[in-house]
2 protein chains.
Amino acid sequence: MKKPLNQTCYKFFSCLSNPTRIATIEMLLEKPMSVNEIAFKLGEEQSMISHNLKPLIECNFITSNREGKKRVYSINKETINNLLKIVKNHAEKYCPKSGKCIIKEN
Amino acid sequence: MKKPLNQTCYKFFSCLSNPTRIATIEMLLEKPMSVNEIAFKLGEEQSMISHNLKPLIECNFITSNREGKKRVYSINKETINNLLKIVKNHAEKYCPKSGKCIIKEN
DNA sequence: TATTCATATGTAAAATTATTCATATAAACT
DNA sequence: AGTTTATATGAATAATTTTACATATGAATA
């Protein structure tokens with residue numbers, strides 16, 4: 001593409017534009033977990049979660065740490081919390097009816 | 001899905017996870033523009049840009065305003081600037097080599 | 001070093017999203 | 001009202017992304 005495209009933004013946001021990955025992030029906000037734990041709690045397959053963890057790691061939204069046999073994933077709280085704050089703010093302003101967005105015509 | 005999925009987050013981020021829409025946002029950060037103007041500057045078709053403006057409007061990332069024959073689109077600076085600040089911050093910390101991300105193994 | 005447990009990866013199929021092209025709508029001006 | 005200019009929309013196709021399944025890798029321990 002010959003657009004003045006900001007690659008960073010694209011990678012950043014597309015990493016977050018997936019229900020499984022958002023759910024995973026929500027899980028990890030509670031506490032660090034292994035792939036199997038996330039998979040079990042979300043009722044999904046381990047390999048599926050594993051595939052979805054990859055872009056999250058690549059974008060540094062989560063980090064991983066080996067603990068014995070397990071590999072434990074933790075959230076990058078700084079970025080994620082700041083992001084969620086903005087989303088929350090935006091949603092409160094524009095989607096006040098429990099997630100139903102308001103669009104004003106002009 | 002039976003996941004504790006945050007619908008708002010998903011819509012929010014998936015709206016931003018597209019090169020054309022990011023490029024459009026970048027254009028509109030400079031100044032408000034019509035569809036044709038954006039399309040011309042990006043070297044894309046008008047209908048294509050029009051299709052891509054729709055989700056941006058629905059998510060209130062941009063607003064539109066009729067001015068005579070034209071319809072002018074403006075950016076929601078508050079949300080967008082706050083977002084970009086976070087992306088920039090994150091990228092500076094984790095992708096210092098001009099967009100090349102750093103992943104630390106553990 | 002064989003076995004087990006935990007996780008990652010390759011790849012084909014399924015699902016979703018984007019783009020293109022043709023056409024519809026809508027406002028302004030004659 | 002008819003014409004022009006600007007934008008939106010529908011729908012088929014193309015492109016991308018996601019998921020599922022089989023299997024590979026890797027660390028720990030018997």
Side-chain angles (χ1 to χ4, degrees), chain A residues 1-3 5 7 9-25 27-28 32-59 61-74 103-106, chain B residues 1-3 5 7 9-25 27-28 32-59 61-74 103-106:
Chain A
M1 264 213 264
K2 59 251 169 177
K3 293 172 194 166
L5 160 69
Q7 273 280 129
C9 280
Y10 174 59
K11 247 207 148 188
F12 188 99
F13 292 123
S14 57
C15 183
L16 298 168
S17 72
N18 172 294
T20 303
R21 292 197 287 275
I22 294 179
T24 299
I25 286 173
M27 297 270 96
L28 294 180
M33 289 182 204
S34 69
V35 193
N36 269 325
E37 203 173 349
I38 300 166
F40 177 75
K41 289 207 180 181
L42 295 180
E44 302 286 353
E45 274 200 27
Q46 172 270 318
S47 81
M48 190 267 226
I49 299 300
S50 208
H51 276 299
N52 276 293
L53 286 173
K54 201 187 224 170
L56 289 171
I57 291 169
E58 272 171 12
C59 281
F61 290 135
I62 65 179
T63 55
S64 83
N65 224 307
R66 189 166 273 283
E67 286 181 13
K69 279 188 192 176
K70 293 191 179 179
R71 177 170 287 277
V72 175
Y73 292 91
S74 315
I103 299 161
K104 31 179 196 278
E105 259 309 307
N106 222 315
Chain B
M1 265 215 261
K2 59 248 168 180
K3 293 172 194 166
L5 161 69
Q7 274 281 129
C9 280
Y10 175 59
K11 248 207 146 187
F12 189 98
F13 292 123
S14 58
C15 184
L16 298 168
S17 71
N18 172 295
T20 303
R21 293 198 286 274
I22 293 179
T24 299
I25 285 173
M27 297 270 96
L28 295 180
M33 291 182 204
S34 69
V35 194
N36 270 323
E37 204 172 349
I38 299 166
F40 178 75
K41 291 207 180 182
L42 295 181
E44 300 286 354
E45 276 200 26
Q46 171 270 316
S47 81
M48 190 268 227
I49 300 300
S50 208
H51 276 300
N52 276 293
L53 286 173
K54 202 187 225 170
L56 289 171
I57 292 170
E58 272 172 11
C59 281
F61 291 134
I62 65 179
T63 54
S64 83
N65 223 307
R66 190 166 271 284
E67 284 181 16
K69 278 187 192 177
K70 294 190 177 178
R71 179 170 286 277
V72 175
Y73 291 91
S74 316
I103 300 161
K104 32 178 195 284
E105 259 309 308
N106 221 315

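A, B, ... follow the sequence lines: proteins, then strands. Residue 1 opens every chain.
Between B:Lys70 atom NZ and C:dT25 atom P the separation is 24 Å, expressed in whole Å. As a whole-Å value, the separation of A:Met33 CE from C:dT7 P is 13 Å. One atom, CG of B:Leu42, and another, P of C:dA18, lie 16 Å apart when rounded to the nearest Å. For B:Ile49 and D:dA8, the CD1 to P distance is 11 Å, given to the nearest whole Å. We find that CG of A:Leu53 is positioned 7 Å from P of C:dA8, with the value rounded to whole Å. Rounded to whole Å, atom P of C:dT17 lies 14 Å from atom NZ of B:Lys54.
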What nitrogen or oxygen pairs link the protein and nucleotides 20-23 of chain C at under 3.5 Å?
from: C:dT20; atom 1: O4; to: B:His51; atom 2: NE2; distance (Å): 3.2
from: C:dC21; atom 1: OP2; to: B:Glu45; atom 2: OE2; distance (Å): 3.1
from: C:dC21; atom 1: N4; to: B:Ser47; atom 2: OG; distance (Å): 2.9

Write out a two-atom table: protein N or O, nucleotide N or O from nucleotides 27-30 of chain C, distance below 3.5 Å.
none

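In this structure, A:Phe13 has no ring-ring contact (aromatic ring centres under 6.0 Å, His included) partners at least two apart in sequence or on a different chain. Listed by chain and residue number, nothing satisfies the side chain to side chain donor-acceptor pair (under 3.5 Å) test with A:Ser34 (two or more places apart in sequence, or in another chain). With sequence neighbours left out, the side chain to side chain contact (heavy atoms under 4.5 Å, CB included) criterion links A:Ser47 to A:Glu45.
Nearest heavy atoms, A:Pro55 versus A:Cys15: O-SG, 3.3 Å. Here the closest non-hydrogen pair linking A:Thr24 and A:Leu42 is OG1-CD1, 4.0 Å. For A:Tyr73 against A:Ile62, the heavy-atom pair with the smallest separation is CD2-CD1, 3.9 Å. Counting all heavy atoms, side chain and backbone alike, A:Ser14 lies closest to B:Ser17 at CA-CB, 3.2 Å. Of all heavy-atom pairs spanning B:Asn18 and B:Thr20, the tightest one is OD1-N, 2.8 Å.
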Can you check side chain to side chain contact (heavy atoms under 4.5 Å, CB included) on A:Met27 and A:Glu37, steps first, answer last?
CA-CA 10 Å; A:Met27 297 270 96; A:Glu37 203 173 349; over 6 Å; no
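The side chain of A:Asn18 contributes no N or O atom lying less than 4.0 Å from OP1 or OP2 of D:dT17. For D:dA27, neither phosphate oxygen OP1 nor OP2 lies less than 4.0 angstrom from any side-chain nitrogen or oxygen of A:Arg71. For C:dT17, the OP1/OP2 oxygens have a side-chain nitrogen or oxygen of B:Tyr10 closer than 4.0 Å. Look at B:Asn52 and you won't find any side-chain N or O under 4.0 angstrom from OP1 or OP2 of C:dA18. For D:dT5, neither phosphate oxygen OP1 nor OP2 lies less than 4.0 angstrom from any side-chain nitrogen or oxygen of B:Asn36.
Consecutive pairing runs in DNA chain D reach the stem threshold at C:1-30 with D:1-30, where a stem means at least three Watson-Crick or G-U wobble pairs with distances under 3.5 Å.
For A:Ser50, the side-chain atoms get nearest to C:dA8 when compared with the rest of D:dT7, C:dA8, D:dT18.
Checked by atom type and distance alone, the side chain of A:Asn52 pairs as donor or acceptor with a backbone atom of A:Met48 at under 3.5 Å. In this structure a side-chain-to-backbone donor-acceptor pair under 3.5 Å is missing from B:Arg21 to B:Leu56. In this structure, B:Ser50 contributes its side chain and B:Gln46 its backbone to no donor-acceptor pair below 3.5 Å.
Comparing B:Ser17 and A:Tyr73 against DNA chain C, the residue whose closest nucleotide sits nearer the 5' end is A:Tyr73.
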